[in-house]
Structures are given as C-alpha cells and as structure tokens.
There are 2 protein chains.
Amino acid sequence: MGQHKNKIDFEQLLQSHQLKRTNPRLRVLSMMSSRSSATSQPDLEAAMSDIDRVTLYRILAAFEEKGIIHKVFDLNGTANYAMCTADCNEGHHHDEHLHFSCTNCKNVYCLEELHLPAITVPEGFKTEGVTVYATGLCPKCSKRSAAK
Amino acid sequence: MGQHKNKIDFEQLLQSHQLKRTNPRLRVLSMMSSRSSATSQPDLEAAMSDIDRVTLYRILAAFEEKGIIHKVFDLNGTANYAMCTADCNEGHHHDEHLHFSCTNCKNVYCLEELHLPAITVPEGFKTEGVTVYATGLCPKCSKRSAAK
DNA sequence: TTAAGTGCAAAATCTTTGCAAATGT
DNA sequence: ACATTTGCAAAGATTTTGCACTTAA
C-alpha cells in the first residue's frame with residue numbers, strides 16, 4: 001500500500017520503483033512533498049539551479065512513468081507535478097480528485113479529501129476517469145486580497 | 001445574446017467583437033465550428049499550411065481574448081480551442097461544462113449539454129468556476145475498439 | 001564492475017516580437 | 001487614408017537527443 005504521506009521514506013520510495021537513490025531525485029522528492037501545491041519544472045529549476053535542467057526533465061518523466069507523481073496543468077498550461085497518493089503505479093494514474101487552480105498565484109492544489117460526485121456522460125462515451133478543476137482564489141491569495 | 005450556434009454568421013461574429021473580417025480568421029472560425037472536438041494550433045497549422053504559423057497564434061490569442069473561443073488542454077498538455085457558447089466575453093470565459101478527453105485519439109470534446117453537480121471546496125478556497133474533465137474513449141474510438 | 005543516472009553541447013520545437021507590406025473599413 | 005492584420009525574419013523559450021563521465025548498488 002504505497003502511503004507516501006508525511007514522514008515519507010524517500011529512499012524506500014525510489015527503491016520500490018527500481019530507481020536509484022540519487023541526490024537530484026531525493027531533492028526533487030523532498031521539495032515536492034514539502035509543498036502544498038503542485039510543482040512545475042520551472043519551479044524546480046529555479047530552486048535547484050545547480051541541477052541540470054535536462055536532469056530535472058528526466059527525473060519528472062521517470063517519476064511520472066513510475067507513478068510516483070502525477071501531472072496537472074495550471075492556468076498557464078504549464079505542467080505541474082504532485083506526489084501521487086495510494087494507487088498510482090507504473091503507467092496508471094488515479095488522480096480522481098479536485099484540482100484547484102488559483103487564478104492569482106497560478107498554483108494548483110490537489111485536494112484529495114473531497115470525494116467527487118458521479119458524472120454521467122452522453123451515450124457513446126466510455127469514461128475511465130474523472131477529474132474536477134476548480135478555479136478561483138486559494139486561501140493564501142484570498143486572504144491577501146481580503147486584507148488589503 | 002451571442003448565439004454562435006449552427007449557421008453562424010462569422011462575419012457578424014467578428015464584427016461584433018471589433019475584429020476585421022479577414023480570410024485567415026474566417027477560415028479558422030469555419031474549421032473550428034465544423035468540428036465536434038476542440039482544435040489545436042497544430043491542427044490548424046496542418047490544415048491551413050498556407051497561413052503563417054504566427055498569424056494562427058495571433059488569431060487564437062485574439063479570439064480567446066475576445067471570448068469567441070476558449071482553451072482546454074488535452075492529455076498531451078496541448079492547448080485546444082473550442083467555440084464559446086453564449087456568455088463568454090472580453091476576458092471572461094464560462095466553460096463550466098464537461099470536457100471529455102479521449103485517451104486514444106487525444107481529442108477533447110466540450111459537452112455542454114450536461115449540467116455539473118455542485119462541488120464543495122475546503123474552507124479558505126474561493127471558487128469562481130468549475131470544470132470537469134473526463135478521460136476515456138470517445139464514441140468514435142470506442143466503436144472502433146469494440147468492432148475490431 | 002556495470003547498469004543507471006547525470007551533465008554538457010547541440011538539435012529540434014514551440015512561442016513571441018518587431019517591422020514592413022498588404023488589407024479591410 | 002488609416003488603423004489592423006498579415007507574413008517573414010529573427011529572437012527567446014522550452015523540450016528532446018546523443019554521448020562521455022560519474023555514481024549507486
């Protein structure tokens with residue numbers, strides 16, 4: 001039962017996915033799991049300028065492929081990545097939760113707590129998964145705009 | 001009340017948005033409204049290779065800005081554009097409908113008919129709009145895979 | 001030791017910008 | 001005629017690819 005939640009053992013996480021425990025990977029995992037919103041490649045690049053850009057691309061691709069992180073798009077259309085919970089695995093992702101995109105800071109929050117209502121699609125469509133995107137202001141930005 | 005539905009008068013549509021009636025624009029409108037799924041820049045580029053790539057970028061940007069089309073991302077993260085219905089206008093889009101992304105052909109369908117269930121977000125978030133993405137097989141692809 | 005991962009250089013894409021020529025009103 | 005819009009050239013940005021060097025197991 002992959003429970004990559006608080007106090008995650010990153011080394012084990014990598015190991016269990018046949019990925020070597022390297023420094024760049026550990027740092028990426030650490031950054032991603034410490035954040036409440038999803039992380040983009042540019043975010044990573046800015047935060048870890050000593051790691052090669054290409055390496056970051058490859059790490060993200062490998063993690064996504066293995067089901068360690070999943071991709072969501074923010075309002076700019078930039079890919080952002082967030083740690084997967086539970087049942088994501090090699091090639092199969094389940095991010096059937098609410099994604100909240102802040103129109104102000106452009107951050108994307110994965111709100112897993114919420115369960116989604118059932119959706120019915122028209123005849124002919126075969127639904128495999130459903131994701132809900134909400135747009136608006138995240139707590140930080142809504143506080144800020146209320147204050148001032 | 002912008003009813004850009006069947007038998008649209010594209011010229012009028014452009015005019016009402018203070019856009020000149022040019023050939024590239026009419027062709028883009030024509031292609032987009034003739035399709036059941038959203039259209040990407042690469043789609044347009046392939047279909048109208050005589051129109052400059054840059055012109056297409058600018059047309060899409062202008063249309064989106066004016067609220068004639070709206071943007072959705074497909075499973076590759078590529079922006080796709082679909083005609084807006086009714087109440088989109090200068091800077092404000094309302095695409096609160098179901099977007100269906102086909103995992104096979106990667107097309108995105110805007111299913112406006114469906115009304116979305118209410119979604120509740122956690123304390124602190126201020127929701128402005130909600131969009132639902134479903135993934136799976138579109139009628140065309142599901143038929144195809146069933147047949148053979 | 002050796003397969004996997006990283007860094008660097010370079011190619012391939014994709015998107016934006018500036019400006020002169022063309023076009024719509 | 002005049003303001004837009006287009007096309008082309010070129011700059012910027014983003015993403016991918018190839019390969020030699022390094023590192024975890």
Provide, to the nearest angstrom, the distance between the CG atom belonging to A/L14 and the P atom belonging to D/dT23. 18 Å
Of B/Y57 and B/R21, whose closest DNA chain C nucleotide lies nearer the 5' terminus? B/Y57
Minimum heavy-atom distance between B/H99 and B/H70, given as atom pair plus value: NE2-NE2, 3.8 Å
Taking it one step at a time, do B/I51 and B/L56 satisfy side chain to side chain contact (heavy atoms under 4.5 Å, CB included)? CA-CA 7 Å; B/I51 299 181; B/L56 294 175; 4.0 Å; yes
So, does B/R53 get its side chain near the phosphate of C/dT15, meaning an N or O under 4.0 Å from OP1 or OP2? no
Table of protein N/O atoms under 3.5 Å from nucleotides 17-22 of chain D N/O atoms:
none

Output yes when a side-chain donor or acceptor of B/D9 lies under 3.5 Å from a complementary backbone atom of B/E11, and no otherwise. yes
Touch check for A/P42, heavy atoms < 4.0 angstrom, all strands: base, sugar-phosphate only, or nothing? nothing
Measure from CG on A/L60 to C1' on D/dT14 and round the result to the nearest Å. 14 Å
Check every atom of D/dA24, D/dC8, D/dT6 against the side chain of B/D52 and return the nucleotide holding the closest atom. D/dC8
In whole Å, I'd like the distance from the CD1 atom of A/I59 to the P atom of D/dA24. 13 Å
If the threshold is 4.0 Å, N to carboxylate O, is there a salt bridge linking B/R58 and B/D52? no
Separation of atom NZ in A/K66 from atom P in C/dG5, rounded to whole Å: 8 Å
Find the distance A/L19:CG to D/dA25:P and express it as a whole number of Å. 11 Å
Side chains of B/E45 and B/Q41: donor-acceptor distance under 3.5 Å anywhere? yes
Which nucleotide in D/dT5, D/dT6, C/dA4 has an atom nearest any side-chain atom of B/K20: D/dT5
How many whole angstroms separate atom CG of A/L56 from atom C1' of C/dG5? 13 Å
Figure out the CD/C1' separation between B/Q18 and C/dG24, and round it to whole Å. 15 Å
With respect to the phosphate group of D/dT6, does any side-chain polar atom (N or O) of B/T22 fall under 4.0 Å of OP1 or OP2? yes
Between B/T127 and A/L137, does the side chain to side chain contact (heavy atoms under 4.5 Å, CB included) criterion hold? Intermediate values first, please. CA-CA 6 Å; B/T127 306; A/L137 293 174; over 6 Å; no
Are B/M83 and B/L29 close enough that some pair of their side-chain heavy atoms sits under 4.5 Å apart? yes
Rounded to the Å, how far apart are A/L44 CG and D/dT14 C1'? 15 Å
